[in-house]
Amino acid sequence: MNLPKQLARSRTLFGTKAETTCNEVDIEQIQRSTSVDKTSGSVSCHHLTGWICLVLFSSTLLRGLSRNSLIGWNYTKDLNSTKAATFTLAQLINRKIEDHHPSELPALEQSDRDRLQTLHSIRYNKTNYTWSHNFDILTQTGHQWCSILRDNHACFGVKYAAILNITTPFQGRRYNLLSFQAKHERILAVGNSHLLELLYLPICATPSIFGYHFGYNTFLFHSISTEGPHFSLQRETTMLILDNDKHFASKSATPERTTIFLEEIGYSPTIIILGHINGGRVSCNERHQTYAERFPNTVDAKFKVQIPQGITGTTRVCVKSFSMPNSYHNIYGDLKTAKFVEFYRPTSGGDWVYEVFSFSLKEGYTETDNLFSEIQSKFTNASGNEITRQSDGSTTVQHVGEIDTPTIVSVSHDRSNYLNSLSFDSGTQDKVIGLYVDDQNKHTIWESLGFDKRRIVKQTDLLDIQTELNALPPGASASYIQSTLRVDQTAFLRGCNSSVAAEYRTLVSPHAGTHENHNGIYIASQVLGNDTMVARSVDDTTMVAHSSDVLQFISNDVPRFSHLTYHTEVPMWNVLTKNYLNYFDIEIRDHKGHLFPRSAIADFVMVLMFEVVDEINENVDDMVAYQAQAYREGHPTSSGV
């Protein structure tokens, strides 16, 4: 008789909404059930033996929350080194900004109510209340007192105590600055004192936290993990708060000033929290856009999900279902910037020079006709500031040190074959224009319009093209350039001199554009995905398979403004490398494998299904019972005993 050594556990977990607090994606409440009433409105899985389902309700505004801790013999050494690094950063802030003298904070958590060390004194106190009274009320009602509180953020009295008695204490062990998964999270918060009030809770709940105060509501905090089971990686978090700061959070403050300051002190945030600025003249959208452009990694569609109690025995995972409105953008990220390169021969027989120019497109969803109208408007450059010269950032279409006139560019879309074209006319000037992208890994709108990225000019091609152009005879026409220039046979380049027919000065896309019909999205995870292969073309005849972290591809085969939906009864399993999960990440990528910005996608609902296996714990009593049962079945008697 063979008994299984492993026993699959049957249970269903269904969730919940991901909370939209300052910066977190978290499964707030996970319930266990073996039978779920489908009329209750909960999305769940019904009687799935050996599987766990997590339902994620995601928002484009969410941030990741989840961080673990470390037990290690070198903690004291690490703590001392991080304190030294934080002190160095505080001194650097002091040197860069006047009136920002750092003072070390007292311990945030204290226990002796008669010897409290506080950051602020009590102002305008017409009563006998002290910080000790506030300490008593908080601790006696189950809440945590914190030494950095301001008097206008704290209360006293019987009524205040009564309110705290019926208020659930903040879950500080679950939500604090060491709850993130990244090895080193760097947080930036810019706003007023109302934002600081919200941040007190996770800051004061963080163990072993230390920091500096620079006046105003400007703080620098740092903490390093000290304990926690199941984890072997050190985690740390740095937080810079610029609230009510006269330089960065005042009426005259600008986000550009803040980003320059961050560059000067070498502080690159991974999470940015923006609050209201008292009397601020720059709108929230403008502030968000400035920070998003300077720190794009803080706004990608990359979500981190915490599972507080963890899942043990995990072996495989799959995407069970997915639903998202088909309203995601087709102009976003790198697609918002179109670039072209122009080569120019100032004098007959002289050397060619070149400049890279760019213009910006409006983010959102546009149809091809509207996109071409916008591109044509940019090339027409009626305002004179639509096109930027990349070498110095000036809004001009002239070459540095030259007095050349702009090339006339006409764009068109053929409705019969869906091919797109650009025609160039530089008059009598010797010019060559090419579509441009910085490198092969960059997104470009030209590819969405049907131009093969392999033939789009890249930064590494510029010197080779310039060398070939310098070898051309004086007065080389556009037709001569098209027939002679070697790189023109492979690159999207055209001569612009109008001495020949327009066909020699026109670029036509070899493929129909995909601007309006991106064929789908990828769901990926660096934690969960490691069991798939993605094939990429090396040339026109060769494709090579690479390992990938993709969990599922969701085809876009539905009309605009309907829903992208996916549901399977035959899961595409991905084998997991870890049998214990307390967090994972989810990335939403476009049809080219690039991360979406969070603002470019709609809210989605996704169900992940995990396969779990539990090993049987065998003890002496189990073995005795097992052997007795085996003996009885192997030696039956007439009585059956």
Side-chain angles (χ1 to χ4, degrees), residues 293 331 334-348 350-362 370-413 420-438 442 444-449 451 456-459 461-463 465-466 468-470 472 475-478 481-482 485 487-488 491-500 502 504-509:
E293 291 176 355
I331 299 291
D334 292 335
L335 295 176
K336 293 189 299 181
T337 303
K339 296 185 178 183
F340 62 95
V341 59
E342 183 179 82
F343 294 86
Y344 173 50
R345 196 174 214 172
T347 59
S348 179
D351 288 339
W352 290 73
V353 295
Y354 65 84
E355 289 285 351
V356 175
F357 299 94
S358 67
F359 54 83
S360 298
L361 301 171
K362 184 178 179 181
N370 295 333
L371 174 63
F372 268 80
S373 296
E374 185 178 6
I375 292 176
Q376 185 63 71
S377 174
K378 298 293 183 179
F379 276 121
T380 302
N381 196 24
S383 67
N385 57 7
E386 299 288 355
I387 297 177
T388 301
R389 186 168 63 196
Q390 294 291 287
S391 61
D392 58 6
S394 59
T395 53
T396 180
V397 288
Q398 287 185 328
H399 291 250
V400 175
E402 306 295 342
I403 55 173
D404 55 308
T405 56
T407 301
I408 298 173
V409 182
S410 302
V411 298
S412 61
H413 171 64
N420 304 301
S421 62
L422 296 91
S423 181
F424 311 104
D425 183 351
S426 63
T428 59
Q429 301 173 111
D430 290 330
K431 288 190 174 184
V432 172
I433 285 185
L435 306 183
Y436 182 85
V437 64
D438 293 328
K442 286 282 188 179
T444 172
I445 193 64
W446 305 126
E447 186 178 21
S448 296
L449 295 177
F451 295 93
I456 297 175
V457 178
K458 301 171 185 66
Q459 193 274 334
D461 301 325
L462 295 177
L463 291 179
I465 297 173
Q466 186 182 36
E468 288 204 44
L469 288 172
N470 285 334
L472 294 178
S477 67
I481 290 174
Q482 186 184 35
L485 196 63
V487 293
D488 186 66
F492 289 120
L493 284 165
R494 283 295 180 268
C496 309
N497 191 300
S498 61
S499 60
V500 296
Y504 299 108
R505 298 180 276 110
T506 301
L507 283 174
V508 180
S509 65

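What you see is a predicted model; the values in this text were computed from it and never measured. Residue numbers run from 1 in the order of the sequence given.
- Heavy atoms only, all atoms of each residue included: Asn470 and Asp351 are closest at OD1-CA, 3.3 Å.
- Between Ser358 and Thr337, the closest side-chain pair of non-hydrogen atoms falls below 4.5 Å.
- No more than 12 heavy atoms of other residues, nucleotides or ligands lie within 6.0 Å of OH in Tyr504, so this atom counts as exposed by the packing criterion.
- Arg505 and Gly495 get closest at one heavy-atom pair: CG-O, 3.3 Å.
- Within the 4.5 Å cutoff, no side-chain heavy atoms of Gln459 are placed close to those of Asp438.
- Taking 4.5 Å as the limit, some side-chain heavy atom of Phe340 sits within range of a side-chain heavy atom of Phe379.
- To the nearest 0.5 Å, atoms CG (Asn497) and OG1 (Thr428) are separated by 6.5 Å.
- To the nearest 0.5 Å, atoms CG (Leu422) and CD1 (Ile375) are separated by 7.5 Å.
- When each of Val353, Val432, Val397, Asp404 is paired with Glu342, the side chain to side chain contact (heavy atoms under 4.5 Å, CB included) condition holds for Asp404 and for no other.
- Under the ring pair (Phe, Tyr, Trp, His ring centres under 6.0 Å) criterion, Phe424 pairs with no residue at all, not counting sequence neighbours.
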Practice task
Begin with the C-alpha distance, continue with both residues' side-chain angles, and end with the deciding distance and a verdict on side chain to side chain donor-acceptor pair (under 3.5 Å) for Ser421 and Ser412.
Solution key: CA-CA 5 Å; Ser421 62; Ser412 61; 2.6 Å; yes
Practice task
Determine, step by step, whether Arg389 and Thr396 satisfy the side chain to side chain donor-acceptor pair (under 3.5 Å) criterion, reporting the C-alpha distance in whole Å, the side-chain angles of both residues, the deciding distance to 0.1 Å, and the verdict.
Solution key: CA-CA 6 Å; Arg389 186 168 63 196; Thr396 180; 4.7 Å; no
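- Between Leu462 and Val457, some side-chain heavy-atom pair lies under the 4.5 Å cut-off.
- Residues Arg345 and Gly350 share a closest heavy-atom pair of NE-O, 2.7 Å.
- Scanning all heavy atoms of the two residues, the minimum distance from Glu386 to Phe359 falls at O-CB, 3.4 Å.
- Taken to the nearest 0.5 Å, the CG atom of Leu335 stands 12.0 Å off from the CH2 atom of Trp446.
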Problem - Audit row: Ser509, Leu449, side-chain contact (heavy atoms from CB on, under 4.5 Å) steps and yes/no - result: CA-CA 7 Å; Ser509 65; Leu449 295 177; 5.9 Å; no
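- Between Ile331 and Lys362, the shortest heavy-atom distance links the atoms CG2-O, 3.2 Å.
- By the 4.5 Å heavy-atom criterion applied to side chains, Lys339 and Val437 are not counted as neighbours.
- Every residue meeting the ring pair (Phe, Tyr, Trp, His ring centres under 6.0 Å) condition with Tyr344, not counting sequence neighbours, appears here in chain and number order: His399.
- Inter-residue side-chain proximity for Ile445 and Leu371 is flagged as met; some heavy-atom pair is nearer than 4.5 Å.
- Interatomic distance, Leu507 CG to Leu435 CG, rounded to the nearest 0.5 Å: 5.5 Å.
- Between Asn381 and Pro406, the closest side-chain pair of non-hydrogen atoms is not below 4.5 Å.
- Annotation: side chain of Glu355 is in contact with side chain of Val400 (closest heavy-atom distance under 4.5 Å).
- Leu469 approaches Trp352 most closely through the heavy-atom pair O-NE1, 3.1 Å.
- Ser377 places no side-chain N or O within donor-acceptor distance of the main-chain N or O of Ser373, the cut-off being under 3.5 Å.
- Atom CD1 of residue Ile387 and atom CD of residue Gln398 lie 12.0 Å apart, to the nearest 0.5 angstrom.
- In this structure, CZ in Phe372 is found 12.0 Å from OG in Ser410, a value given to the nearest 0.5 Å.
- Take Phe451 and apply the ring pair (Phe, Tyr, Trp, His ring centres under 6.0 Å) test, not counting sequence neighbours, and it matches Phe492.
- Remark: Lys442 NZ is loosely packed, at most 12 non-hydrogen atoms of other residues, nucleotides or ligands lying under 6.0 Å away.
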